[in-house]
Amino acid sequence: DTEVTQTPKHLVMGMTNKKSLKCEQHMGHRAMYWYKQKAKKPPELMFVYSYEKLSINESVPSRFSPECPNSSLLNLHLHALQPEDSALYLCASSQDGGGADTQYFGPGTRLTVL
Amino acid sequence: ELKVEQNPLFLSMQEGKNYTIYCNYSTTSDRLYWYRQDPGKSLESLFVLLSNGAVKQEGRLMASLDTKARLSTLHITAAVHDLSATYFCAVDYGGTYKYIFGTGTRLKVLA
């Protein structure tokens with residue numbers, strides 16, 4: 001099974017809402033990633049978890065809060081977002097993240113902030 | 001600051017033609033990745049290049065890496081319409097968990 005799943009596929013939220021994005025993989029990968037991708041732009045790294053610990057936070061605003069409850073699951077909690085946060089949010093996983101690893105991407109959650 | 005640049009940014013080509021996409025990066029790395037993204041879809045891994053001189057081929061696509069020149073190429077042979085997509089290269093920055101993506105090349109193959 002080389003699949004990374006993400007839910008929901010689409011999300012529309014107001015600026016005062018709290019919502020969460022979910023990502024799951026069952027490949028035994030120990031590194032998991034959140035990317036943000038705006039239209040016609042490359043993915044931008046947001047967070048990296050390695051062995052369930054936050055390894056990289058690319059100066060992401062605190063209205064985005066990642067969580068890695070276990071090695072298969074990655075969440076992104078959203079609160080008080082701005083319209084400019086509307087984007088495709090991609091989750092990825094790789095073997096152990098120590099480099100030389102192919103990343104497997106989920107289908108993404110398309111987020112619209114009103 | 002690590003920069004990863006691709007050219008061209010846009011490429012429109014006829015079926016049956018050959019072309020090359022270039023990926024330049026600004027710092028030392030011997031690991032480079034190529035991905036494909038169809039419109040509205042996620043990213044699909046195409047190639048992983050792990051050393052200087054590495055060459056990988058799959059179907060009509062061939063990727064190579066020259067770490068001394070900090071350059072990777074993605075060569076398309078006898079293009080077909082199904083290859084229409086956006087292609088990204090990505091560099092593994094300093095052996096960390098940090099992958100930096102190139103600007104992307106939007107390829108359109110005309111029948």
Side-chain angles (χ1 to χ4, degrees), chain A residues 2-7 9-10 23 25 27 29-60 66 68 74 87-110, chain B residues 1-10 21 23-25 27-52 54 56 58 63 65 67 85-108:
Chain A
T2 58
E3 189 179 23
V4 176
T5 59
Q6 288 186 245
T7 54
K9 291 184 179 179
H10 301 275
C23 173
Q25 57 88 14
M27 294 178 278
H29 289 173
R30 303 312 299 268
M32 296 185 78
Y33 310 76
W34 279 116
Y35 288 89
K36 173 182 178 180
Q37 186 178 27
K38 301 283 274 185
K40 296 181 170 51
K41 296 291 186 183
E44 296 175 36
L45 185 65
M46 300 175 71
F47 301 104
V48 181
Y49 273 84
S50 175
Y51 293 87
E52 299 159 51
K53 293 185 178 177
L54 186 62
S55 297
I56 292 178
N57 176 342
E58 289 290 278
S59 302
V60 179
C68 188
L74 185 66
L88 180 67
Y89 288 83
L90 294 163
C91 173
S93 71
S94 66
Q95 191 68 38
D96 63 11
D101 291 337
T102 294
Q103 292 184 80
Y104 293 85
F105 282 83
T109 293
R110 191 162 298 279
Chain B
E1 180 189 351
L2 174 62
K3 289 186 179 180
V4 184
E5 295 180 336
Q6 291 179 233
N7 71 82
L9 297 181
F10 301 97
I21 298 170
C23 172
N24 290 91
Y25 52 97
T27 193
T28 301
S29 177
D30 57 3
R31 292 186 279 249
L32 191 132
Y33 311 81
W34 283 98
Y35 293 88
R36 167 182 172 147
Q37 186 173 35
D38 291 300
K41 303 290 187 181
S42 189
L43 280 82
E44 173 191 355
S45 176
L46 295 174
F47 299 109
V48 179
L49 303 169
L50 299 177
S51 61
N52 186 42
K56 294 276 184 76
E58 180 74 33
L65 178 62
T67 59
T86 297
Y87 292 85
F88 291 100
C89 62
V91 173
D92 173 7
Y93 187 25
T96 67
Y97 302 99
K98 196 168 180 175
Y99 294 78
I100 307 298
F101 280 77
T103 44
T105 296
R106 289 175 63 193
L107 171 66
K108 186 172 184 179

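The chains referred to below are lettered A, B, ... by the order of the sequence lines, with proteins before strands, and numbering in each begins at 1.
- Comparing A:Gly108, A:Pro42, A:Gly106 by how many heavy-atom pairs each has under 4.5 Å with chain B, the most go to A:Pro42.
- Using cut-offs of 30° and 60° on the angle between ring planes, the pair B:Phe101 and B:Tyr35 is tilted.
- Residues A:Tyr33 and B:Tyr99 place their aromatic rings such that the two centres sit under 6.0 Å apart.
- Contact of B:Phe47 with chain A is not made at all, since no heavy-atom distance falls under 4.5 Å.
- Sequence neighbours left out, not one pair with a member in residues 38-48 of chain A passes salt bridge (charged side-chain N to carboxylate O under 4.0 Å, His left out).
- Under the side chain to side chain contact (heavy atoms under 4.5 Å, CB included) criterion, A:Pro107 pairs with A:Gln6, sequence neighbours left out.
- Neither the backbone nor the side chain of B:Glu44 comes within contact range of chain A; no heavy atoms are under 4.5 Å apart.
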